[in-house]
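Heads up: the structure comes next, in structure tokens.
In listed order, ligands and their atoms are each counted from 1. As a basis for the values below, the full set of heavy atoms in this structure was taken, side chains included, without hydrogen atoms, waters or symmetry mates.
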Amino acid sequence: MGRIGKLLAAFTLTLAITGTPLMDGFTAGTVFAETNQQRKVKVQEKAGFINVAHRGASGYAPENTLAAFDKAVKMRADYFELDVQRTKDGHLVLMHDNTVDRTTNGSGEVKDLTLKEIRQLDAGSWFSSQYAGEKVPTLEEVLDRYRYQPINILIELKKPELYPGIEKQVALMLLKKGVSFRPGKIIVQSFNHDSLRTYHRLQPWVQTGVLVSLTEYRKGVSDEKLREWKEFSDYVNPNYKLVDDRLVNRVHQNRMKILPYTIRSKATADEVRATGVDGFITDYPELGY
Ligand code: G3P
Ligand code: CA
């Protein structure tokens, strides 16, 4: 570097350190700081963004099966989500709908079938012949399989009003499998906020999330609701159509995080991400990177 170049570099560095204005309200320091700050924010956003595979990586494998959860692990999602219900003989199984009709080769309501009956069903062929023979998993089986794998689990209590006492049953299962005290390993969520409140009372150290549906909150989420939810919830997980910058800020002001569902396209992912959400729930985990 020549003499003039060295002088210029020293001058710029001095401006940067002292914050001397170059123009009104604009300093070399600002240039330095903003560039670094922007980079830092980008890195933090990427590293901190919570990528949740909805019912497992359900865009690629049959929902709520080990195949979908394995795929979520392979795709390096931060969490996979699952739906818990209860069989006639009291076992916790994973199924989204209240009946087995859509996602298995059987029929009937989960609550009217025994575990043995449900385990005989094929939960993969409806999605693709490649997955023929996939079983409906139990919650216990999933906790055993993934408790030491590099993935966390978002458990939805699905229609808990159909299964009295399911909150206690899930809480005991998490305790038995040694996952309830592992920070961040588990989040429990539900559309049924009374059930979630009950869960929080049983295991206040486990993170929880209120699910917020479009049909119930089409007119928006009031400040009163946010204040109510923060008493027993760490996350507000709304339908993505309810999300804008304002809702995100209000959730954050109430010291909760926000994970919208269900993201299925790049365009929606970009739009939702720009509002400052903490992560999202998606069928396609590559959208969360
Ligand atoms: O995790 C959010 C999402 O699972 C809630 O809706 O109907 O897919 O259970 P649903
Ligand atoms: Ca769900």
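Side-chain N/O atoms of Ser190 and Asn192 include no donor and acceptor closer than 3.5 Å. Looking only at atom types and distance, the side chain of Gln189 has no donor-acceptor partner in the side chain of Tyr261 under 3.5 Å away. Under 3.5 Å, the side chains of Asn51 and Asp78 contain no donor-acceptor pair of N or O atoms. For the residue pair Arg55 / His96, a side-chain donor-acceptor distance below 3.5 Å is found, with atom types taken as modelled. Inspection of the Thr198 and Ser195 side chains reveals no N or O donor paired with an N or O acceptor under 3.5 Å.
Interface of Ile281 with ligand 1, defined as ligand atoms under 4.0 Å from a residue heavy atom, comprises 1 (O), 2 (C). Numbered from 1 in the order shown, with element, the atoms of ligand 1 that lie under 4.0 Å from a heavy atom of Arg55 read 7 (O), 8 (O), 10 (P). The Glu156 neighbourhood of ligand 1 comprises atoms 4 (O), 5 (C), 9 (O), with distances under 4.0 Å to a heavy atom of that residue. Listed by number with element, the atoms of ligand 1 under 4.0 Å from a non-hydrogen atom of Leu211 are 2 (C). Near His96, meaning under 4.0 Å from any of its heavy atoms, are these atoms of ligand 1: 7 (O), 8 (O), 9 (O), 10 (P). For ligand 1, the atoms closer than 4.0 angstrom to any heavy atom of Phe191 are 5 (C), 6 (O). The atoms of ligand 1 that sit less than 4.0 Å from any heavy atom of Asp83 are 9 (O). Residue-ligand proximity, Lys158 to ligand 1, at heavy-atom distances under 4.0 Å covers atoms 7 (O), 9 (O), 10 (P).
Ring to ring, Tyr199 and Trp205 are not that close: their centroids are 6.0 angstrom or more apart. Ring centroid separation for the pair Phe49 and Tyr289 does not come in under the 6.0 Å cut-off.
In the displayed structure, Lys177 atom NZ is contacted under 6.0 Å by more than 12 heavy atoms of other residues, nucleotides or ligands.
Taking the Ca ion (ligand 2) as the corner point, the angle from Glu81 atom OE2 to Asp83 atom OD1 is about 110° (rounded to 10 degrees).
Restricting Glu156 to its N/O/S atoms, the shortest distance to the Ca ion (ligand 2) is reached by OE1.
For atom 1 (O) of ligand 1, the nearest protein heavy atom (residue, atom name, distance) is Gln189 NE2, 2.9 Å. Nearest protein heavy-atom neighbour of atom 4 (O) of ligand 1: Glu81 OE2, 2.7 Å. The protein atom (non-hydrogen) at minimum distance from atom 3 (C) of ligand 1 is His54 NE2, 3.5 Å.
One finds a salt bridge joining Asp270 and Lys266 here, because a Lys/Arg side-chain nitrogen approaches an Asp/Glu carboxylate oxygen to under 4.0 Å.
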